[in-house]
Structures are given as structure tokens and as C-alpha cells.
**Student:** 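Below is a structure I'd like to ask you about.
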Amino acid sequence: MPAAILEIDLDAIAANWRLLCARHPSGPVAAVVKADAYGLGAAAVAPRLFREGCRHFFTAHVEEALAIRDLVPGAMLAVLNGLLPEAASDCVAQGLVPVLGSRAEIAAWRDEAARCGRALPAILHVDTGMNRLGLSHGDVPALAAEPGVLAGIDVLYVMTHLVAAECPADPANARQRRRFARACAALPPAPRSIANSSGIFLGPEFGSDLARPGAALYGVNPTPGSANPMRLPVSLRARILQVHDVSPGEGVGYNATWTAARPSRIGTVAVGYADGYLRALSGVAQAGFDGRPVPLVGRVSMDLATFDLTDHPAAGPGDWLDLIGPLATPDDLAARAGTNGYEILTSLGRRYHRRYRSR
Ligand SMILES: *Cc1c(COP(=O)(O)O)cnc(C)c1O
């Protein structure tokens, strides 16, 4: 029996995808499966969503797309980070769709199409405020004025990415929508793609021909400040290895950052920061035992973490604590560690025994 089990409920991810589809009636909903499906395992998540009817997938890297190409036969599989020149032939051979975000990338793909003697699919990325990837403000009119610049490129979508979709009151949202509409009007007509997870919840003006959620599929709340409409597909359980009786005044863990104020029972589990259970959670996280909260005490170490079981006399060696679950969601842990749910998920380590649940 392993010391820590990471269980991923693929049916919950599928249910989340269906909910997002219902919230995005203007067009289909893709699945962003970059970073190994936010740490949950793209090789399991992508085929499950494919079976559910999802036909559009996004990764960040070509290598990530190649790893799941055969698992989603015939589906659009697009690479968000753009086109490195040496990747063009792999993209053609495997039917990957590069997301082109500069005039140089467009030129490289056009040349590749000429070499192949046929049109090649691509997505054009327009930067409307992120200033990270995508055609900038000045590129779009220049592009539109250049004849033949898209020759041989089959533009499946023109897309943009929202800077602050999780903050509905942020004026960046409306500004980006206006800039995107202007850019699309200057470019040859093509379907559009706008919303990430939170964008889907911004209302129908942010609907498009293809939504691109990632985090919400994996249970991160796309509407911070309101109840989470998504199901949590992740649970992490760890067994109590040992229980130590600690006298008042005794410290626990490195540098004794926690000291017992009463006779205490400290349970140690085999999960640490090397497993992505962040050191920043030291002294601030909680787990669950039998549906009740258990505080983490002291420093999280590389391979171990310690919990105060004093109020849980029934808990002993061999029993399980819920490190990620309803009492400690990725969003809760993130708030305590000063990060976001995305980072909690993508940090999940490789040492856990992984189980996938699927009907
Ligand atoms: C990561 C990413 C997404 C998905 O964003 P979520 O907030 O996880 O839904 C969509 N589009 C682009 C361009 C991205 O980089």
C-alpha cells in the first residue's frame, strides 16, 4: 500500500467540460491540456474528453502535442507557444496547428506551406493587452496591407487571450474585446476564439467560436469571490507514518517554527515540498481527517509534513489524511501559500501513486 495516493476523477473533468459547454453556447469548448493537463496527466485527460466529444485541444509545446497526438485522432491539436522554425516539419507530419504570433512565424508557416504544396492550418494570435505572445497592435494593419501574406495558410481561428478575466470589474476585459474586434475587422474573416476558463463566465459578449478553458476543467474556481461552479477532480491522501507525543514547549520540524502549547500528538505523513506540497504551506495549511480539519504544524520538509492530531484521538499510524480534498482545495491551499490553484496543480509531484477514476 503506497504512502500517498493522488486520485484523479476523469468523470469529474468530463462533467466540468460539459458545464463549460453549457455556459458557452456561441461555439465549441476546447480543452487546454498544457503542462500535462495542469499536472493531472494529459495522456488520461485528453482521451477522456475526446470520448466526451471534445474535438479541440491546446498544448503549450510541440512535444506536449506529439505525446498525445494519437490519443485524440482527428481532433484539432494546437500549440499555443507559437512556431519554432525547426518544429515546422513535425507540425506538418503530425497535423499540429501552430498558434502564430509574429510576422516571422507567419512567414515561416507560409514557406512551409509552399514547400508542401498545400494549405496548412494555423491559428493567428492577436495580442490585445498581455504583451507576451501574439501579433501586436502595429503588426495587424501592416499584415492586412501586405498581399499574399497569408497565402497557403488556412486560418482556423483568430484568437486573443484575456489578461484579467477572473476580475469581471477590470476594465481590461472590455478594452481587450474592443481591440480584438478592431483587429478582426482588419484581418480576413475567420472564426474567433477568446475566452479562457474565467472568460466563459464574463457573459455572452465574451462568447466566441471556440473557448479555451484549462483551469476550470481541473476544478480551479473560474469565478473567485463566488461559489465554485466546478467539481474538484483531484484528491490527495497520505498515510500517517508515525505519531509523536510532544510535551508543551517542545518544537516540531526544522527550526522548531511551531512549539506545542499543550500535550500534543503529531502525525507525520510522507509528502513534502519535493512532491509539490509547497514549503510555503508550512504552518498555514490544513488537511482533513474524517471530514474534520487538521492543522499542519511546523515546516514542510522535502519528503515529510507534520500535522497536529491532538483533537483527533482516533487518528493513528496507518490512517489517512486528506491533503487535497473538500477541506483543502487547490484554491484554499493556494490562498494560504500565496499563489494560485494553477501552481498548486502544476506542482503536483511525480512520486505519488496515481489512480484514475473513469466510468
Ligand atoms: C493557459 C491558456 C489558456 C487557459 O487558461 P485558463 O485560465 O487555465 O482557463 C487559454 N489560452 C491561452 C492562450 C493560454 O495560455
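Both counts, for ligands and for their atoms, begin at 1 and track the order of listing.
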**Student:** May I ask you to list the atoms of ligand 1 that are less than 4.0 angstrom from any heavy atom of P213?
**Tutor:** 9 (O)
**Student:** For atom 3 (C) of ligand 1, which candidate among R212, R132, H125 provides the closest heavy atom?
**Tutor:** R212
**Student:** Could you see if V234 belongs to whatever hydrophobic cluster contains V32? Use Ile, Leu, Val, Met, Phe, Trp, Tyr and a side-chain cutoff under 4.5 Å.
**Tutor:** yes
**Student:** Going by the side-chain hydrogen bond (donor to acceptor under 3.5 Å, both in side chains) test, which pairs reach into residues 308-319, not counting sequence neighbours?
**Tutor:** R262-D311, R292-H312, D308-T310
**Student:** What is the closest protein heavy atom to atom 15 (O) of ligand 1, and at what distance does it sit?
**Tutor:** K34 NZ, 2.7 Å
**Student:** Under a heavy-atom criterion of less than 4.0 Å, does M130 contact ligand 1?
**Tutor:** no
**Student:** For D36, what residues pass the salt bridge (Lys or Arg N to Asp or Glu O under 4.0 Å) criterion, not counting sequence neighbours?
**Tutor:** R350
**Student:** Can you pull out the closest protein heavy atom to atom 9 (O) of ligand 1? Residue, atom name and distance to 0.1 Å, please.
**Tutor:** S197 OG, 2.5 Å
**Student:** Taking both backbone and side-chain atoms of N196, is any N or O found less than 3.5 Å from an N or O belonging to ligand 1?
**Tutor:** yes
**Student:** Which one of H353, R237, R357 satisfies the side chain to side chain donor-acceptor pair (under 3.5 Å) criterion with E7?
**Tutor:** R357
**Student:** Got a second to check how far Y157's OH is from R192's CZ, nearest 0.5 Å?
**Tutor:** 13.5 Å
**Student:** What residue among T128, D170, T160 forms side chain to side chain donor-acceptor pair (under 3.5 Å) with Q176?
**Tutor:** T128
**Student:** Below 4.0 Å from any atom of ligand 1, is there a heavy atom belonging to A216?
**Tutor:** no
**Student:** Output the list of atoms in ligand 1 that are nearer than 4.0 Å to some heavy atom of G214, sorted by atom number.
**Tutor:** 4 (C), 6 (P), 8 (O), 9 (O)
**Student:** Would you mind running through ligand 1 and noting each atom that sits below 4.0 Å from a heavy atom of A215?
**Tutor:** 6 (P), 8 (O), 9 (O)
**Student:** Flag yes if more than 12 heavy atoms outside Q242 fall under 6.0 Å of its CD atom; otherwise flag no.
**Tutor:** no
**Student:** Below 30° counts as parallel, above 60° as perpendicular, anything between as tilted: where do the rings of Y277 and F307 land?
**Tutor:** tilted
**Student:** What atoms of ligand 1 come closer than 4.0 angstrom to any heavy atom of L80?
**Tutor:** 12 (C), 13 (C), 14 (C), 15 (O)
**Student:** Taking only non-hydrogen atoms of Y342, do any sit less than 4.0 angstrom from ligand 1?
**Tutor:** yes
**Student:** Measuring from non-hydrogen atoms of M159 to any atom of ligand 1, is the shortest distance under 4.0 Å?
**Tutor:** yes
**Student:** What do we get for E166 next to ligand 1 when only non-hydrogen atoms under 4.0 Å count, side chain, backbone, both or neither?
**Tutor:** neither
**Student:** Any chance you could lay out the side chain to side chain contact (heavy atoms under 4.5 Å, CB included) test for H24 and S208, step after step, and finish with the verdict?
**Tutor:** CA-CA 8 Å; H24 192 264; S208 67; 3.9 Å; yes
**Student:** How far is atom 8 (O) of ligand 1 from the closest protein heavy atom, and which atom is that?
**Tutor:** Y38 OH, 2.5 Å
